[in-house]
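Reading through the structure tokens given below for one structure.
Letters A, B, ... mirror the listed sequences (proteins, then strands); counts begin at 1.
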Amino acid sequence: MNDTAISLRLGAWWEANARDLPWRFGRATPWGVLVSEVMSQQTQMSRVVPYWTDWMERWPDARALAEAPKAEVITAWGRLGYPRRALRLQECARVVAEDYADKLPRTYDELTALPGIGDYTASAVMSFAFGERIAVIDTNIRRVLSRVFLGVESRGGATSPAERALANRMLPKDEILGCDADVADNAGSAEHVVNSTIRGGKRSRLHRGERPSVTWNQSVMELGAVICTAKSPLCDTCPIADDCAFLKAGRPGLGERRTRPRQRFQGTDRQVRGLVLAALRELPAGATLPREDADKLWKDQIQLAACIASLDDDGLIEILDGGLRLPS
DNA sequence: GTCCGGATTT
DNA sequence: AAATCAGGAC
């Protein structure tokens, strides 16, 4: 089975089985796609959906987010985790609004230069929002490509040059499926989907009109998320099981730990920081948490003080004479 | 390589 | 209790 056949089979599976996430299928602006990707960093999609929906209704574009009070942004981030993502997203919004006239730049280099946007998110926006041909590499794609084409589990840590080369080698060429230039130029843009829906009537809302590289990225990532999972891959229902080197090899080392054991959460600074921030989010808007109340949040006053200082360093809180509050 | 949240699953 | 999750900054 050649590579083109695999991508076609995966694409068909994608079209029939893709989760109906609200930022997919051309329903979101490029900015909305970027927001969904930042929220999804190290966070399950099912948890992201309600946050994203409320967020985009409240701040539909970069300029709106840029002008929001920082305390509101932190509070709206709620319990998504890694609240520094919220601050970086707002910083990103400021840059987009001021330096790019509220229009997300369309090159990888400009995107990775934005706060909170690294290799994965920049590539994902280029592919999913702009329809450009670029290899997207996340934990799902690393796991799937390594299993299917190398027959082994991917190792943890930073993406290796070999993994990057594999992702680039397997990324379908856009001319293979006869994508015409007009479609290719507009693939992925919300405007294109709206227009083609009006013109096309019963036209599929899924991957038709997307470049093969975009469908490939989407379908490989989706396969890793729902079928080719880390611990218990559902090989019985996998659309490319017949082509999988990992399955042929007897799934050697299935679910083998890919990275060092995670730091336990209980008792860590992350837990303490989370407690402090949660207490501040509970307050009425603009209110201050009195020092004596803050001191009760954690027994170890040394650790608590260090965490309050680090939250201040991050710009997530403000330290006043009488207590703490979310930054204005 | 380490730190940074918190929900969910096993 | 431990692992996992559409990572990024340092």
Inset, instruction - Looking at every strand, decide which applies to A:Gly118 at a 4.0 Å heavy-atom threshold: base, sugar-phosphate, or nothing. - result: sugar-phosphate
Legend entry - Of A:Ala158 and A:Gly274, the one whose closest DNA chain B nucleotide lies more 5': A:Ala158
Inset, instruction - Report which part of the nucleic acid A:Ile137 touches: base, sugar-phosphate, or nothing (heavy-atom distance under 4.0 Å, all strands). - result: nothing
Inset, instruction - Provide, to the nearest angstrom, the distance between the CG atom belonging to A:Leu80 and the C1' atom belonging to C:dG7. - result: 14 Å
Inset, instruction - For A:Thr121, answer base if it contacts any base atom (sugar-phosphate contacts may also be present), sugar-phosphate if it contacts only those atoms, and nothing otherwise; contact means non-hydrogen atoms under 4.0 Å. - result: sugar-phosphate
Inset, instruction - Find the distance A:Met221:CE to C:dC5:C1' and express it as a whole number of Å. - result: 14 Å
Legend entry - Closest-nucleotide 5' rank along DNA chain C - winner of A:Met45 and A:Thr112: A:Met45
Inset, instruction - Give one of base, sugar-phosphate or nothing for A:Asp119, where a contact means two heavy atoms less than 4.0 Å apart. - result: sugar-phosphate
Legend entry - Spacing of A:Gln41 atom CD relative to B:dG6 atom P, expressed in whole Å: 16 Å
Legend entry - Salt bridge flag under 4.0 Å for residues A:Arg251 and A:Glu256: no
Legend entry - Any N/O donor-acceptor pair, A:Arg143 side-chain to C:dA6 base, under 3.5 Å: no
Please table the atom pairs, donor to acceptor, closer than 3.5 Å between any side-chain atom in residues 66-81 of chain A and protein atoms at least two apart or in another chain.
| unit_1 | atom_1 | unit_2 | atom_2 | d |
| --- | --- | --- | --- | --- |
| A:Glu72 | OE1 | A:Arg58 | NH2 | 3.0 |
| A:Thr75 | OG1 | A:Ala71 | O | 2.8 |
| A:Trp77 | NE1 | A:Gly81 | O | 2.8 |

Inset, instruction - Give A:Arg88 one of three labels, base, sugar-phosphate or nothing, depending on what nucleic acid heavy atoms sit under 4.0 Å from its own. - result: sugar-phosphate
Inset, instruction - Ignoring backbone atoms, establish whether A:Arg79 has a side-chain N or O less than 4.0 Å from OP1 or OP2 of B:dA7. - result: yes
Legend entry - Nearest-neighbour nucleotide for the A:Arg264 side chain, B:dC4, C:dA2, C:dA6 considered: C:dA2
Inset, instruction - Ignoring hydrogens and angles, answer whether the base of C:dG7 and the side-chain atoms of A:Thr43 contain a donor-acceptor pair closer than 3.5 Å. - result: no
Legend entry - Donor + acceptor pair across side chains of A:Glu110, A:Thr107 (<3.5 Å): yes
Inset, instruction - Would you kindly give the CZ-to-C1' distance between A:Arg84 and B:dG6, to the nearest whole Å? - result: 15 Å
Inset, instruction - Send over the distance from A:Ile227 CD1 to C:dA6 P, rounded to a whole Å. - result: 14 Å
Legend entry - Side-chain donor/acceptor of A:Gln90 to backbone N/O of A:Leu65, under 3.5 Å: yes
Inset, instruction - Starting at atom CG of A:Leu311, determine the distance to atom C1' of B:dC3, rounded to an integer number of angstrom. - result: 13 Å
Inset, instruction - Considering only atom P, compute the distance from C:dA6 to B:dT2 and round it to an integer number of Å. - result: 23 Å
Legend entry - A:Arg24 or A:Ile117, whichever maps to the more 5' nucleotide of DNA chain C: A:Arg24
Legend entry - Euclidean distance for P, C:dG8 against B:dA7 (whole angstrom): 22 Å
Inset, instruction - Can you label the angle between the A:Phe149 ring and the A:Trp216 ring as parallel, tilted or perpendicular, going by 30° and 60°? - result: tilted
Inset, instruction - For salt bridge (Lys or Arg N to Asp or Glu O under 4.0 Å), just list the numbers for A:Asp321 and A:Arg291, CA-CA rounded to whole Å, side-chain angles, deciding distance to a tenth of an Å, and then say yes or no. - result: CA-CA 8 Å; A:Asp321 287 341; A:Arg291 166 65 68 177; over 6 Å; no
Legend entry - Short side-chain N/O contact to B:dG6 OP1/OP2 from A:Arg270, under 4.0 Å: no
Inset, instruction - Take atom CD of A:Gln42 and atom P of C:dG8, then tell me their distance rounded to the nearest Å. - result: 9 Å
Polar pairs (N or O, both sides) under 3.5 Å between protein and nucleotides 8-10 of chain B?
none

Inset, instruction - Using only heavy-atom distances, determine whether the side chains of A:Arg88 and A:Tyr82 contain a donor-acceptor pair under 3.5 Å. - result: no
Inset, instruction - Give a yes-or-no answer on whether the side chains of A:Gln41 and A:Tyr120 include a donor-acceptor pair shorter than 3.5 Å. - result: no
Inset, instruction - I would like to know whether A:Ser146 and A:Arg155 meet side chain to side chain donor-acceptor pair (under 3.5 Å); could you show each step before the answer? - result: CA-CA 9 Å; A:Ser146 180; A:Arg155 301 198 316 264; over 6 Å; no
Inset, instruction - Taking only the side-chain nitrogens and oxygens of A:Thr139, find out if one of them lies under 4.0 Å from OP1 or OP2 of C:dT4. - result: no
Legend entry - Spacing between A:Phe265 atom CZ and C:dA1 atom P, to the nearest angstrom: 15 Å
Inset, instruction - Have a look at A:Arg142 and say if it touches a base, only the backbone sugar-phosphate, or nothing, with a 4.0 Å heavy-atom cut-off. - result: nothing
